[in-house]
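Report on the following structure.
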Amino acid sequence: ALATLAINDEPLLGSISAAACRRIVEFRPQELANTAWAFAQFGWHHRPLLASISAASIRPLSDSRAHAWQPQHLANLSWAYASLAVRDLPLM
């Protein structure tokens, strides 16, 4: 919602990033992709959050939950990392 409204409040984004990092293991593929997309919309390059999203994204790709990833999730996640010029080799 913040990205759509173009509300760029750095302290708020920092707090959201920190909270997301703590709970990222609970996120489903769509939530991982949407979180990455939203922060990329702001150009918010929060390295710990991006590393957490990457690690959480790789895990379901390698187990029985891989079917949970829809093409749109993969596209949004790819777009977010490309937009932020983040080259995450394990995720690639």
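Numbers for residues simply follow the sequence, beginning at 1. Bear in mind that the values here come from a model prediction, so they are computed numbers and not experimental data.
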Point to revise | With sequence neighbours excluded, residues passing side chain to side chain donor-acceptor pair (under 3.5 Å) with S83 | key: W79
Study note, to complete from the structure: Separation between CD (Q70) and NE2 (H73), nearest 0.5 Å, reads 5.5 Å
Check your understanding: What pairs of residues pass the salt bridge (Lys or Arg N to Asp or Glu O under 4.0 Å) test when at least one of them lies in residues 35-55, not counting sequence neighbours?
Key -> none
Practice item. Heavy atoms only: give me the nearest V86-H45 pair and the separation to one decimal. Key: CG2-NE2, 3.0 Å
Check your understanding: Checking side chain to side chain contact (heavy atoms under 4.5 Å, CB included) for the pair L77/W69: CA distance, chi angles, key distance, verdict?
Key -> CA-CA 11 Å; L77 188 64; W69 281 93; 3.8 Å; yes
Review point. What distance separates N76 CG from L32 CG, expressed to the nearest 0.5 Å?
Key: 11.5 Å
Review point. Are the side chain of Y81 and the backbone N or O of L50 linked by a donor-acceptor pair below 3.5 Å?
Key: yes
Review point. Partners of N34 by side chain to side chain donor-acceptor pair (under 3.5 Å), sequence neighbours excluded?
Key: none
Point to revise | Atom pair CG/OG of D88 and S78 - distance to nearest 0.5 Å | key: 11.0 Å
Exercise for review: Name all residues meeting the side chain to side chain donor-acceptor pair (under 3.5 Å) criterion together with Q30; count only those two or more places apart in sequence or in a different chain, and write none if there are none.
Suggested key: none
Revision key, fill the gap. Applying side chain to side chain donor-acceptor pair (under 3.5 Å) to S52 and not counting sequence neighbours gives none
Review point. When rounded to the nearest 0.5 angstrom, what distance separates CG in L49 from CD1 in I16?
Key: 10.5 Å
Point to revise | R23: partners by side chain to side chain contact (heavy atoms under 4.5 Å, CB included), with sequence neighbours left out | key: E26, F27
